[in-house]
Amino acid sequence: MKKIALWGATWVLLVVVLLLPPIVVVTEALKSGLLASLATLKDPDGIAAIWLTLETTVVAVCFNTLCGILAAWLLTKYRFPGRAALLVMVELPLSISPVVSGLVWLLLFGAQGWWGPALERAGIHVAFAVPGIMLATLFVTLPYVVRTLVPYMEHQGRDTEEAAALAGAGFWQILLRVTLPDARVALFSGVLLTTARAMGEFGAVSVVSGHIPGLTETMPLHIESLYNGYQTVAAFTMAALLACMAMAAVFLRSAPAAWARYREVQE
Amino acid sequence: MKRACVAFWRGGDSALPGYRLALVVTLLWTGLFIALPLCALIIRPWQDGVGPVLAELHDTRMFAALWTSFFSAAVAALLNVPIGLFLAWMLVRGNLPGQRIADALIDLPFALPTAVSGITLATLYSPQGWLGYPLAKMGVSVAYTQWGIIIALMFVGLPFVVRTVEPVLKALPHEQEEAARLLGAKPWQVITRVVLAPLLPPLITGFGLAFARGVGEYGSVIFIAGNQPFKSEIAPLLIVVRLQEFDYDGATAIALVLLVISLAALAGIGVLRRRFSAWGAMP
Amino acid sequence: MSILIQNLVRHAPATERRLLDDVTLAVPSGAFVALVGPSGAGKTTLLRAIAGLDHYSSGTIDLDGNRLENLHDRAGKIGFVFQNYALFPHMTVARNISFGLDVLPREQRPTKAEITARVQDLLDLMQLSGMGKAYPARLSGGQRQRVALARALATGPGVLLLDEPFGALDPIVRRAIRTWLRTLHDQLGLTTILVTHDQEEALEVADRIVVMQQGRIVQDASPATLDEAPNTAFVMQFLGEVVSFSGHIKNGVFTPSERGVAPCAVSEKLESGPAELMIRPFEIGLRQGQGAHEQAVELALYSKRQGFCYYSAHLPQRTVPVFIYNTQEEGQTRLACAELEIQRGKLFRDGVRLQSR
């Protein structure tokens, strides 16, 4: 009896606190029917926002994954002075407010920034343009791949790598054939987290973007403009699309485990 | 010193290949994308002398916004501790029906982009919303007040507490509880004396992560907060306002204070955590 | 305190597989019993059932004639030492030891001073004086072991249950603690049940050995009986190295099917048919033949220690070990004999020992 009450309390809590928000997104989006919501997606500014979000995400994920793998290799397979400081540094963006993460780039490339005016004269626009959005996104999503890889690769130790090196393998061979195949689940998870965060980033991008519809608006920014312009259905339709993309990325992380369970059942 | 330099250049004691390549890439990456912008943030306020910095200190709106941010984040993180502990407990030990789905739900606030959470929570808790309406009937107004900020921060912070407590709870050896039961401890004594103590460090960490996230949170808060200066305006929003006024110095000053205090809070939590795990590693 | 276990059955969760299969065991007060058997035999399962840590499907457990129903009935009466000790990492050694007293209801709880004195006594008894303020993480394996023992003994239990208590210790500490544990048992008048997979350890420390296999008790006897009259081939194998010879019994003679091994006389009463003879390597004798041409079996020395010469005897099909007690200074590196003599072996048929021999 007591047990059932506890289960009930848990589920009520889960549904009210956690499940209601995504349900609201869907119901608000479909308030005037499915067709009306789909129609709002045809807005050219909306389509431009979707494209910009995808481009930014691809750039951030590729860059931070490549550098993240090398950094994780450095931080887990060697012990050198300054390692602890690097570990802290790599995680720093996580404890910095998104707005501050955007602001720092304005301090470098903004109209009143250190190099902004000079670059502006040379015809290179960073602040309130796409490069600024990319820089802000890169900064915010920097830690995720390293952070998921480091604990796993640390746990790996370096025995297998040393065995591979003794067998004559070079750096790239060890990394691509020994280390990463073993750490693939962690890497996969890190990449997906980076993806989700890159697509959904709002604060940092909002500061450097300048909110030019059709040009420098990513999906989250476009949602804000629509919402503040009382275009609720359009805002929530875009929100539902973005939420689906980000949630798919986050929940796909458990796919390898689920696949392994399925295989086990099959056998 | 010389030895440290040599070790830094050669990769400590390991002869595995690839050290220098990885070192150079990592240094460039963290240097250009983290160290450089943060240097700008730290140096910028002082570049016109001490005067502008002192002038910023008279900005009472800034202090009000900082107070709102820190207070709301602290309250939200504190409220999340018992809730997160309860959920983690039910997930690990509760034999909860639908445990897999429940486990996935915990990640929802993490998966939902902040702007989406923002407009959704604002709708949900608005006086006409599904949760706002009954609350308004009871005389509690959430949206556009400080409670709105706290609710939003609780939503984004909850996974941090659950996800830090959960693995520790899972790894907790059953034998310790069995030993306590055999020695005559009542179930509540087992929980308070044997189970809770090892959970204290992860609870503190979870609180710290939720707090740090809450202090800087922007997207999920601004839609539900009233954004009234001195009342329900958070520090990150004030930075945006100052930027829109082209007041870079003002914005940088707030950002610097925000950064320093949240890093100090994280460091303090680290110290506290070490203090509570004085007994060292699990034997 | 005496323990009586009757018809205990425990199923693996949600299956029909029996982890404990109708186990009956009576342990008189003051006995030191060792539960031995290969891993998966149900030793730890039985021990945990006695401690009330797991539910069992049917059967009863009595302590001094009182039925034990749940964990609460056992609290304070049964001391349990876990394989990995399960010390509370966040408590000092002293707090760990006094835990069982600290959690008593106020009216039963001794005063602070009494608890401190009790802890001090136990620390002295365990040769841990001065370690009361340390945390478990700072202790060595042997010290943790003794803290776990002190904690189990703090409430003054009549029964001590030990689950592989020496598993994590190095050989020297292991030997020391084992002797010391036996002394402690006698000194405190405990009834002790110990689980181990190391048969030598069991033979050395316990006065009764319970051999388990696949959830059942195969034999329950003193070390001497176990040595002289093992019930099954498994028990014989489990207690030490054996060489087995298959063959045939007919008219009171066991004839091995291998060449190079002498037939031996057995009881007339034994039924004829195939049988297996098992013998310890040091029980094998050498039978010399008449002339040099009859020296069919060659033996080569491969090791020599503790008074024994270790030979490998080359039979036509295989090589078997033969240990010979050597009184001379030098063992001969090569020996030869006509046949191996296996009179001291024990006969089994279908894994069960043939009686009346």
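Note that the coordinates shown come from a computational prediction; the quantities given were computed from them, not determined experimentally. First the proteins, then the strands, lettered A, B, ... as listed; each starts at 1.
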Between A:A165 and chain B, with a heavy-atom cut-off of 4.5 Å, which part of the residue counts as in contact: side chain, backbone, both or neither? side chain
To the nearest 0.5 Å, what is the distance between CD1 on B:I119 and CG on A:L226? 9.0 Å
B:Y248 side chain vs A:G113 backbone, donor-acceptor pair below 3.5 Å: no
Contact check, side chains of B:F33 and A:N64, non-hydrogen atoms, under 4.5 Å: no
Contact part of A:P98 toward chain B, heavy-atom cut-off under 4.5 Å: side chain, backbone, both or neither? both
Test item: A:W73 and B:L23 side chains (from C-beta on) under 4.5 Å apart, heavy atoms: no
Does any non-hydrogen side-chain atom of B:Y19 lie less than 4.5 Å from one of A:F171? no
Distance from A:W114 atom CH2 to B:I43 atom CD1, nearest 0.5 Å? 4.0 Å
In terms of heavy-atom proximity below 4.5 Å to chain B, should A:R253 be classed as side chain, backbone, both, or neither? side chain
So which part of A:I223 gets closer than 4.5 Å to some heavy atom of chain B, the side chain, the backbone, both or neither? side chain
Answer with side chain, backbone, both or neither: which region of A:T195 has an atom nearer than 4.5 Å to a non-hydrogen atom of chain B? neither
At what distance, to the nearest 0.5 angstrom, does CG of A:L13 lie from CG of B:L87? 5.0 Å
Are A:W11 and B:I101 side-chain neighbours, meaning at least one heavy-atom pair lies under 4.5 Å? yes
Ignoring hydrogens and angles, tell me if any N or O in the side chain of A:Y78 forms a donor-acceptor pair with the backbone of B:L16 under 3.5 Å. yes
Counting only N and O atoms by type, is there a donor-acceptor contact under 3.5 Å from the side chain of A:Q112 to the main-chain atoms of B:F246? yes
Side chain, backbone, both or neither of A:V207 within contact of chain B (heavy atoms, under 4.5 Å): side chain
Quick check on A:L92 against chain B: is it the side chain, the backbone, both or neither that has a heavy atom closer than 4.5 Å? side chain
Taking B:A212, B:G118, B:C39, B:P97 one by one, which has the highest count of heavy-atom pairs under 4.5 Å against chain A? B:P97
Go through the atoms of A:S206 and report whether side chain, backbone, both or neither lie under 4.5 Å from a heavy atom of chain B. side chain
Residues A:W7 and B:N95: side-chain donor-acceptor under 3.5 angstrom: no
Just how far is it from atom OG1 of B:T120 to atom CD of A:E28, taken to the nearest 0.5 Å? 8.5 Å
Does A:P21 reach the side chain of B:L108, with side-chain heavy atoms less than 4.5 Å apart? no
Using non-hydrogen atoms and a 4.5 Å limit, figure out which bit of A:V146 sits close to chain B: side chain, backbone, both or neither. side chain
So, the part of A:L242 with a heavy atom under 4.5 Å from chain B: the answer is both
Whatever's closer than 4.5 Å to a heavy atom in chain B on A:L193 counts as side chain
